[in-house]
2 protein chains.
Amino acid sequence: MLSLAGGKRDNDLILPINSSLSVTLHQDQLKTTTTAAASQDFTEDRLWLNGEEADVGHPRLQACLREVRRLARKRRGSSTEDTAALSLSYKVHIATENNFPTAAGLASSAAGYACLVSTLARLYGVEGELSEVARRGSGSACRSMLGGFVQWQRGERPDGRDSIAQQVAPETHWPELRVLVLVVSGEKKQVGSTAGMQTSVDTSPLLKHRAEVVVPERLALMVRHIHERDFEGFGQLTMQDSNQFHATCLDTFPPIFYLNDISRQIIALAHRFNAHHGCTKVAYTFDAGPNAVIFMLADTVAEFMEVVRRSFPPTTNGDQFVRGLPVSSASLPEELIAAVVAEPVPGAVQYILHTKVWGWVEHGAGEPICLSSGLCMGPHPHPHPWGCA
Amino acid sequence: MLSLAGGKRDNDLILPINSSLSVTLHQDQLKTTTTAAASQDFTEDRLWLNGEEADVGHPRLQACLREVRRLARKRRGSSTEDTAALSLSYKVHIATENNFPTAAGLASSAAGYACLVSTLARLYGVEGELSEVARRGSGSACRSMLGGFVQWQRGERPDGRDSIAQQVAPETHWPELRVLVLVVSGEKKQVGSTAGMQTSVDTSPLLKHRAEVVVPERLALMVRHIHERDFEGFGQLTMQDSNQFHATCLDTFPPIFYLNDISRQIIALAHRFNAHHGCTKVAYTFDAGPNAVIFMLADTVAEFMEVVRRSFPPTTNGDQFVRGLPVSSASLPEELIAAVVAEPVPGAVQYILHTKVWGWVEHGAGEPICLSSGLCMGPHPHPHPWGCA
């Protein structure tokens with residue numbers, strides 16, 4: 001949350017215009033797995049994304065590789081051990097796979113870069129603060145280096161050394177928290193996130209106000225809600241900040257629309273659901289696209305899932321409509337149906353992923369979901385289906 | 001324009017939180033006609049809207065009636081003539097008709113209240129500053145009391161005496177200016193404007209910033225663009241301010257959406273059209289609903305109309321698709337079609353109204369169209385299909 005409203009202070013170093021906060025999602029559902037090897041037999045650095053070879057020369061990928069090697073060199077310089085360590089001159093082969101559909105490859109994925117940096121660090125025997133390195137690949141990747149609730153400190157230094165991720169709370173702090181990702185059908189995104197973000201910074205008077213005035217206040221408040229496990233406060237702020245992020249997209253010129261009519265219907269559904277219960281039971285957030293990420297506590301999942309199923313019934317893939325963690329069935333009271341479920345729109349939601357907050361990120365890296373702004377507006381590309389890449 | 005971002009300082013007096021600006025549209029296309037009579041034979045005040053009797057007791061209608069009678073009394077008090085004048089104790093019968101479809105009646109129409117006040121003033125022989133009286137009926141009605149380009153001064157006084165309309169320029173100042181209203185099909189508005197506006201004022205941090213900082217600057221700039229007949233500047237600012245108004249709606253909690261996917265497609269079409277021409281040829285603005293109001297100069301109408309017709313072809317009512325002022329036919333260059341016209345969406349636009357800026361408002365009153373914000377956010381209801389009522 002409040003991951004938003006970024007835009008760049010510095011494009012090469014990927015420094016955001018404000019701090020941000022996200023949760024890292026469980027890896028069973030949204031995981032990137034990366035394998036790296038170095039050998040004197042390799043003649044060049046090579047990269048495979050989901051089985052297909054890709055351009056290893058991407059400047060951001062090269063920046064990560066360079067930074068990890070620099071840290072390794074530094075480490076060895078101050079140590080007499082590690083004589084058996086891998087030569088830093090060896091070329092590397094990197095293979096990375098996502099277990100979730102992704103429109104773009106590594107270059108656009110927070111999880112992807114976080115995982116790449118973890119893997120390379122392991123390969124070269126580097127430890128310690130690596131979020132700064134991951135940030136050079138994709139801004140919000142710095143948050144994916146940690147599990148649970150993670151803040152990306154904007155930092156003040158021009159060299160970006162203090163623009164790093166810090167854990168606000170581990171995932172064990174709030175074990176009841178659940179996430180439903182509603183993947184909306186159709187429509188390819190029209191604006192790349194990076195281009196969009198820079199245009200927002202250049203043209204939106206409201207974004208400037210948001211980054212300078214609104215976000216700092218909200219971040220402090222959000223951290224408190226998380227510490228207190230206050231779902232009411234957490235949920236309200238998550239929704240408000242998602243909406244405000246999309247408001248700044250609309251205030252961009254030409255305007256950027258990530259939400260479509262289905263997104264709007266999901267938003268309205270969430271508000272009707274909460275109104276019916278008289279409190280915040282579910283909280284939506286939207287990244288740079290129409291898919292909804294909806295937070296709730298575990299005891300709400302079955303009921304809300306049934307509400308979604310009735311509102312956006314599956315057309316063809318009924319058996320694969322719900323994925324991820326199991327969901328028990330619920331029967332809805334008539335009053336709830338009357339008050340909450342609108343005219344069904346079959347096929348509007350492609351499928352639903354049920355997941356939760358993830359803790360320690362090891363070899364893989366979990367997708368981060370911005371808690372409030374709906375978009376991790378770091379100055380980096382992240383045109384993939386959900387999460388802040 | 002900049003008519004926006006209102007919200008109320010005072011609900012009874014209908015005082016806005018910022019100044020605003022609009023154009024009054026030509027009455028052949030969008031006209032309200034009101035007739036009023038007073039007689040000692042009438043036993044009560046009565047009102048007919050489009051032929052059906054309506055509640056004359058509406059507080060805002062009563063406020064207008066009371067204010068006009070007060071001014072008449074004041075005038076007579078300082079005069080020895082007018083002995084033959086109408087008794088102020090006579091009851092009145094009022095009949096009002098719109099020549100355009102309207103979802104709600106007089107209570108929601110700027111043109112309606114402007115016309116009512118003009119008519120009553122004529123009946124009672126009152127002259128002079130009447131925009132303040134019209135404002136008591138419907139905030140933006142004060143602007144409809146004048147033709148051409150009209151500013152509604154926010155004013156400073158708590159009693160609202162300085163919250164009045166002033167003409168920025170007459171319609172003759174820019175005779176080439178044309179307006180297309182694209183009436184979008186379907187979907188009834190979900191949020192009443194008044195309720196929406198008050199919620200915006202209460203919950204949107206961005207609206208506060210907009211009203212205090214952004215709008216005053218933009219208003220001054222817009223007046224300059226109008227005086228200089230600078231369509232490039234006028235158009236850009238009109239679009240930016242419409243977008244910013246809708247951004248503040250999204251920043252409202254719960255969020256308010258007036259634009260739908262068709263509105264978004266129209267916006268994208270306008271930007272592609274301008275990009276193809278390398279300058280601002282058309283400028284959209286949206287009120288509290290999905291219908292687009294598009295400004296352009298007369299020499300652009302034929303070409304843009306053909307672009308709209310190809311993008312949103314009529315389904316059933318081809319013969320009534322274009323209404324209002326005549327439009328000559330145009331054949332589009334292939335490059336323009338390739339660059340601008342997207343996949344056609346038949347039936348998405350119900351019909352198109354071609355009109356222009358109107359000058360002096362006599363018995364009738366023209367619809368005002370907000371030049372930039374897309375919505376006259378005065379603290380008053382205006383849920384009707386277009387214009388700021």
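Convention: sequence-line order gives letters A, B, ...; per-chain numbering from 1.
- Side-chain contact between A:Asp261 and B:Phe257 is absent, with no heavy atoms from C-beta onward closer than 4.5 Å.
- In this structure, the separation between NZ on B:Lys208 and NE2 on A:His209 is 7.5 Å, given to the nearest 0.5 Å.
- Most heavy-atom pairs under 4.5 Å with chain B: of the set A:Pro254, A:Ala270, A:Ser204, A:Ala275, this distinction falls to A:Pro254.
- At a threshold of 4.5 Å between non-hydrogen side-chain atoms, the residues A:Arg210 and B:Asp251 do not count as touching.
- Using a 4.5 Å heavy-atom cutoff, the side chains of A:Phe253 and B:His271 are in contact.
- Two residues are said to be in side-chain contact when any heavy atoms from C-beta on lie closer than 4.5 Å; B:Asn260 and A:Arg264 meet this criterion.
- Under the 4.5 Å side-chain criterion, counting only non-hydrogen atoms from C-beta, B:Pro255 is not in contact with A:Gln244.
- Residues B:Arg218 and A:Pro205 form a side-chain contact, since some pair of their non-hydrogen atoms from C-beta on lies under 4.5 Å apart.
- Taking CG from A:Leu250 and CG from B:Leu206, the interatomic distance works out to 11.5 Å, rounded to the nearest 0.5 Å.
- If you measure heavy-atom distances from B:Ile267 to chain A, the contacts under 4.5 Å come from the side chain alone.
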